[in-house]
**Q** 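If you scroll down you'll find the structure; I have some questions about it.
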Amino acid sequence: MRDPIFRTEITRMLDIRHPILCGGLGPGVSDGAYVAAVVNAGGMGFVVSSGYDAPDEFERQLAICRERVGGRGFGVNLYISRQAGGIERVTDLLPLLKRHGVTCVETAGASPEPIVPVLKGMDIRILHKVPAIRYVATAERVGADAVIVVGQECGGHPGVYMIGSMVQAAQAPRATALPTIVAGGFATGRQLVSALAMGNAAMLMGSRMMVAEELWIDRKIKDFAVRSDGSEGMVVKKIFRDNHRVLGNDSARAVLALEAEGNTDFDSYRPHVVGGVTREAYRSGDPSTGMIDWGQAMGFADRVASVESIFDEIIDDASAAMAHLGTVQAGKAVA
Ligand SMILES: Cc1cc2nc3c(=O)[nH]c(=O)nc-3n(C[C@H](O)[C@H](O)[C@H](O)COP(=O)(O)O)c2cc1C
């Protein structure tokens with residue numbers, strides 16, 4: 001494991017070695033074993049709360065993570081659906097977080113406002129994830145401890161404005177006094193250095209981590225990710241203003257066809273978008289069906305490796321980038 005080379009508001013707040021976060025991966029993908037590997041590699045990860053048939057299974061993942069991190073803090077991803085019952089579903093899970101020593105949450109999907117007092121009462125840090133700078137104000141207003149700003153390159157939900165990470169990463173630190181974490185296409189140490197140089201306190205990754213050895217998903221999905229150059233993704237569900245960047249497979253194409261017809265009956269989409277189909281793809285290793293979140297950073301996922309090895313590569317790359325900056329400083333540049 002590499003020595004720390006950066007200290008930021010986020011490494012201090014979360015007591016982590018590197019300013020590298022790995023976002024929640026649903027449904028049920030970022031489980032206890034994977035998140036523990038991220039934490040033990042010096043970053044922060046989030047056990048995803050969606051994708052389990054019963055709260056018991058989610059609780060089991062928290063217990064596995066807690067046991068493996070040896071007293072270190074770890075996080076939970078709370079995706080708050082904007083459909084009826086969304087906030088109630090995550091509210092019901094909150095007592096489990098306290099019981100299993102969760103220290104931070106990554107909230108996403110909708111405003112976490114109704115659960116903020118409970119989380120604060122449990123001394124859990126709130127990192128609210130938003131897809132556009134305009135929502136940073138929501139994170140501030142509700143009392144989040146930090147804000148994660150995701151650009152349109154991301155796997156998952158890029159939001160409806162679809163502004164790129166290079167723009168938003170430069171805007172985020174100027175838009176708020178909260179520590180900012182940037183995501184969407186981030187996967188290398190060079191990008192980490194650029195994010196910090198712009199004034200951000202960390203980067204967060206999703207797609208690049210799909211090749212982590214510790215993830216339970218079938219090896220064939222990881223090998224497919226290794227072969228991917230990031231161009232296989234497409235954005236679906238625009239018709240519902242629920243933009244979703246996924247792998248362009250049979251399910252994604254069926255959804256696009258329904259959208260092209262102007263169909264707004266969600267029931268027609270259900271067979272293609274339900275979590276069960278996606279989980280089965282991860283289990284079987286057949287990526288032809290399911291909503292498989294697929295970001296442009298998949299192009300950086302060039303080998304199946306342990307989380308620690310991926311982190312080492314990122315830190316080495318960041319060190320090289322810092323050294324490179326020294327060579328281009330005025331007065332020091334080599335002709
Ligand atoms: C396979 C996969 C599943 C994801 N599932 C979720 C999820 O359940 N909840 C969530 O908030 N974000 C989810 N995300 C988004 C990530 O947490 C993260 O914000 C995003 O991947 C960052 O952009 P990147 O893909 O360019 O690294 C998912 C991303 C991927 C690749």
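Just follow the structure's listing: the first ligand is 1, and inside any ligand the first atom is 1. These figures come from a predicted structure and were not determined experimentally.
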**Q** Please say whether the positively charged group of R2, taken as NZ for Lys or CZ for Arg, lies over the ring of F311, i.e. under 6.0 angstrom from the six-membered ring centre and within 45 degrees of the axis.
**A** no
**Q** With the threshold set at 4.0 Å, does a side-chain nitrogen-carboxylate oxygen contact exist between E232 and R227?
**A** no
**Q** How about E308 and N40: do any of their side-chain heavy atoms sit closer than 4.5 Å?
**A** no
**Q** Is ligand 1 less than 4.0 angstrom away from at least one heavy atom of G23?
**A** yes
**Q** For atom 23 (O) of ligand 1, what is the nearest protein heavy atom, given as residue, atom name and distance?
**A** C154 CB, 3.2 Å
**Q** How far is atom 4 (C) of ligand 1 from the closest protein heavy atom, and which atom is that?
**A** D293 OD2, 3.2 Å
**Q** With heavy atoms of M210 as the reference, note each atom of ligand 1 found under 4.0 Å away.
**A** 1 (C)
**Q** Would you say the side chain of R245 lies within less than 4.5 Å of the side chain of C154, judging by non-hydrogen atoms?
**A** no
**Q** Does R208 reach ligand 1, in the sense of a heavy atom lying below 4.0 Å from it?
**A** no
**Q** Side chains of M203 and I181, heavy atoms from C-beta outward: is any pair under 4.5 Å?
**A** no
**Q** Return yes or no for this condition: an N or O of V48 is under 3.5 Å from an N or O of ligand 1.
**A** no
**Q** Considering only the protein, which heavy-atom contact is closest to atom 5 (N) of ligand 1, and what is its distance?
**A** G26 N, 2.8 Å
**Q** Among protein heavy atoms, which sits nearest to atom 12 (N) of ligand 1, and what does the distance come to when rounded to 0.1 Å?
**A** K129 NZ, 3.0 Å
**Q** Among G109, G295, S207, which residue places a heavy atom closest to atom 24 (P) of ligand 1?
**A** S207
**Q** Suppose I only count heavy atoms of A108 and a 4.0 Å limit; which atoms of ligand 1 are within that range?
**A** 11 (O)
**Q** Taking NZ, NE, NH1 and NH2 as the nitrogens, is one of them in D15 or R17 under 4.0 Å from a carboxylate oxygen of the other?
**A** no
**Q** Measure the distance from atom 9 (N) of ligand 1 to every protein heavy atom, then report the residue, atom name and distance (to 0.1 Å) of the closest one.
**A** N77 OD1, 3.5 Å
**Q** Do N249 and S288 have side-chain N/O donor and acceptor atoms under 3.5 Å apart?
**A** no
**Q** Using a 4.0 Å cut-off to any heavy atom of Y282, which atoms of ligand 1 qualify?
**A** 1 (C)
**Q** Give the numbers and elements of all ligand 1 atoms closer than 4.0 Å to a heavy atom of G185.
**A** 24 (P), 26 (O)
**Q** With a cut-off of 4.0 Å, which atoms of ligand 1 are near a heavy atom of M205?
**A** 27 (O)
**Q** State whether E113 and R141 are salt-bridged, where the test is any N-O pair (Lys NZ or Arg NE/NH1/NH2 against Asp/Glu carboxylate O) under 4.0 Å.
**A** yes
**Q** Among G233, G206, G24, whose heavy atom sits nearest atom 17 (O) of ligand 1?
**A** G24
**Q** Hey, what do you get for CD1 (I310) to CD1 (I20), rounding to the nearest 0.5 Å?
**A** 10.5 Å
**Q** Measure the shortest side-chain to side-chain distance between F46 and L78 over non-hydrogen atoms and say whether it is less than 4.5 angstrom.
**A** no
**Q** Provide the number and element of each atom of ligand 1 under 4.0 Å from a heavy atom of L204.
**A** 18 (C), 19 (O)
**Q** Check this for me, if you would: do D53 and R279 make a salt bridge, where the nitrogen-to-carboxylate-oxygen distance has to be below 4.0 angstrom?
**A** yes
**Q** For G155, counting its heavy atoms only, list the atoms of ligand 1 lying under 4.0 Å from any of them.
**A** 15 (C), 20 (C), 21 (O), 23 (O), 24 (P), 25 (O), 26 (O), 29 (C)
